[in-house]
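Presented below is the structure to which this report refers.
Start at 1 and go down the list; that is how both ligands and their atoms are numbered.
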Amino acid sequence: MSSIIEEVVARKIFNSRGRKTIEVDIITEDGFGSAAAPAGASTGKAEVVSYPEGGVEAALEKFEELVVPELIGMDAEEQSDIDALLHEIDDTLNFSNIGGNTAFAVSLANAEAAATSFDLPLFKYLSGCVGNELPYPLGNVLGGGKHVLGKTTDIQEYLVIPLNASSFAEAAAANVKVHAKVGRLLKKTCKRFTGGRGDEGAWAPNIANEDALAIVSQACQEVSDEMDVECRPCLDVAASSFYDAKKGVYVYSMDSKNRDSGEQLEFMLQLIEEYNLAYVEDPFDEDDYDSFAELTKKATNCLICGDDLFVTNRDRLAKGIEMGAGNSLIVKVNQIGTLTDALETTKLAKWAGYVPVMSHRSGETVDTHLAHLAVGFGCPVIKTGVLHGERVAKINELNRIEENLGNRAQMSIL
Ligand code: PGA
Ligand code: ZN
């Protein structure tokens, strides 16, 4: 079996927002891999640059000129060499030359091409054939912020995690139930609710921030009573997206209220305690390590997760670990560019006792690799939405992985 790269092709396709993105195919003597890059809307400042100036078209030109000639003849099995080569070709600190999304698509397509060269599914290849733990799905059921067009909650995402589910299939079913219940509760309480949904398939009602949490919390309780799972509400505040740096306040438009850092800390603690939140992502501005550390110290029984804070970057995570900022991090491979970089950050997180959460982006395609990355990297949680084809694609792939593992399959320890 040979994993020598024979052909590399890139094209532009549409993502779930109707925007252009890059898809890369890698063909080896005995294998084939193909991956498409996702896109953020509430991106972190410290992420790598998705595309060079000129967008996807410019990235495709650079790909042909700089990347293709170097890749042909390389061995796809040597993932870290391929990823190091991408850095070398790019020759910047943030992939602004070839584009982080090009690096991402090449890196992931390469891993799949290597896996198929050896007749292995990607999750098995990535985990050295030992990965058998399914992640808990963290599902977005209600939201606003930068993921919707109109006037909705300032807090970006209200999510559910079905703890104690005995299988991934059961966990996924619980999330679908909570999503449906939230819809029915919104129909009852908001007269003008149209059933509109945001980029990630979450309901997008015109409602005050805490009222939304009360509804999600009620839906979680009802599903917990009906099923043998503990559905707990969670938040992705995405606080940088409504932080006014000049005034030093978080602007809650739906509540006609500003909160300074201290008030924001109190507010987050109140929500965590009152609604028994299991997880809070980005509760503060992306550079406010101190407040993250303060909240992590004070909150009990709740994951405090950094997305825009860490941007899957090893150095930013190392700083967070040193300061005690957070106890969980989001892993979005295209925030950092390559699989090797993302794996290093994930390993550091695990070493420090931080829970890594493999995550989609608000702009996605039906690419299902995220499911494999979650199991292959050993992430106990996957954040990939509940509804809409591009989200369900990942959930369904995890159902297939669970089936593939048979009686070796087990839920992660969380
Ligand atoms: P994104 O953010 O829009 O950058 O993908 C989603 C998130 O904040 O988790
Ligand atoms: Zn986030």
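Side-chain contact, Thr43 with Arg361: no donor N or O sits under 3.5 Å from an acceptor N or O. Side-chain contact of Asp285 with Gln264: a donor-acceptor pair under 3.5 Å is absent, judged by distance alone. When only modelled atom types and interatomic distance are considered, Gln156 and Ser42 share a side-chain donor-acceptor pair under 3.5 Å. If you check the side chains of Asn206 and Arg192, you find no donor sitting under 3.5 Å from an acceptor. Under the 3.5 Å distance criterion, with hydrogens and angles disregarded, a donor-acceptor pair is assigned to the side chains of Asp25 and Ser34.
Judged by the 6.0 Å distance and 45° axis criteria, Arg259 is positioned over the aromatic ring of Phe267.
Its N, O or S atom nearest to the Zn ion (ligand 2) is what matters here, and for Asp236 that atom is OD2. For Glu281, the N/O/S atom at the shortest distance from the Zn ion (ligand 2) is named OE2. Distances from the Zn ion (ligand 2) to each N, O or S atom of Asp307 single out OD2 as the nearest.
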Hey, can you pull the donor-acceptor pairs under 3.5 Å for the side chains in residues 50-58, sequence neighbours left out?
from: Tyr51; atom 1: OH; to: Thr21; atom 2: OG1; distance (Å): 3.2
from: Tyr51; atom 1: OH; to: Ile22; atom 2: N; distance (Å): 3.3
from: Tyr51; atom 1: OH; to: Asn101; atom 2: ND2; distance (Å): 3.2
from: Glu57; atom 1: OE2; to: Lys12; atom 2: NZ; distance (Å): 2.9
from: Glu57; atom 1: OE2; to: Lys20; atom 2: NZ; distance (Å): 3.0

Need the list: ligand 1 N/O atoms against protein N/O atoms, distance under 3.5 Å, rounded to one decimal.
from: ligand 1; atom 1: 2 (O); to: Ser42; atom 2: OG; distance (Å): 3.2
from: ligand 1; atom 1: 2 (O); to: Lys332; atom 2: NZ; distance (Å): 3.4
from: ligand 1; atom 1: 3 (O); to: Ala41; atom 2: N; distance (Å): 2.7
from: ligand 1; atom 1: 3 (O); to: Ser42; atom 2: N; distance (Å): 3.0
from: ligand 1; atom 1: 3 (O); to: His147; atom 2: NE2; distance (Å): 2.8
from: ligand 1; atom 1: 3 (O); to: Ser362; atom 2: OG; distance (Å): 2.6
from: ligand 1; atom 1: 4 (O); to: Ala41; atom 2: N; distance (Å): 3.4
from: ligand 1; atom 1: 4 (O); to: Ser42; atom 2: N; distance (Å): 3.4
from: ligand 1; atom 1: 4 (O); to: Ser42; atom 2: O; distance (Å): 3.2
from: ligand 1; atom 1: 4 (O); to: Arg361; atom 2: NH2; distance (Å): 2.7
from: ligand 1; atom 1: 5 (O); to: Arg361; atom 2: NE; distance (Å): 3.3
from: ligand 1; atom 1: 5 (O); to: Ser362; atom 2: N; distance (Å): 2.8
from: ligand 1; atom 1: 5 (O); to: Ser362; atom 2: OG; distance (Å): 3.4
from: ligand 1; atom 1: 8 (O); to: Ser42; atom 2: OG; distance (Å): 3.4
from: ligand 1; atom 1: 8 (O); to: Gln156; atom 2: NE2; distance (Å): 2.9
from: ligand 1; atom 1: 8 (O); to: Asp236; atom 2: OD2; distance (Å): 3.1
from: ligand 1; atom 1: 8 (O); to: Asp307; atom 2: OD2; distance (Å): 3.1
from: ligand 1; atom 1: 9 (O); to: Asp236; atom 2: OD2; distance (Å): 3.1
from: ligand 1; atom 1: 9 (O); to: Glu281; atom 2: OE2; distance (Å): 3.3
from: ligand 1; atom 1: 9 (O); to: Asp307; atom 2: OD2; distance (Å): 3.2
from: ligand 1; atom 1: 9 (O); to: Lys332; atom 2: NZ; distance (Å): 3.2
from: ligand 1; atom 1: 9 (O); to: Lys383; atom 2: NZ; distance (Å): 2.8

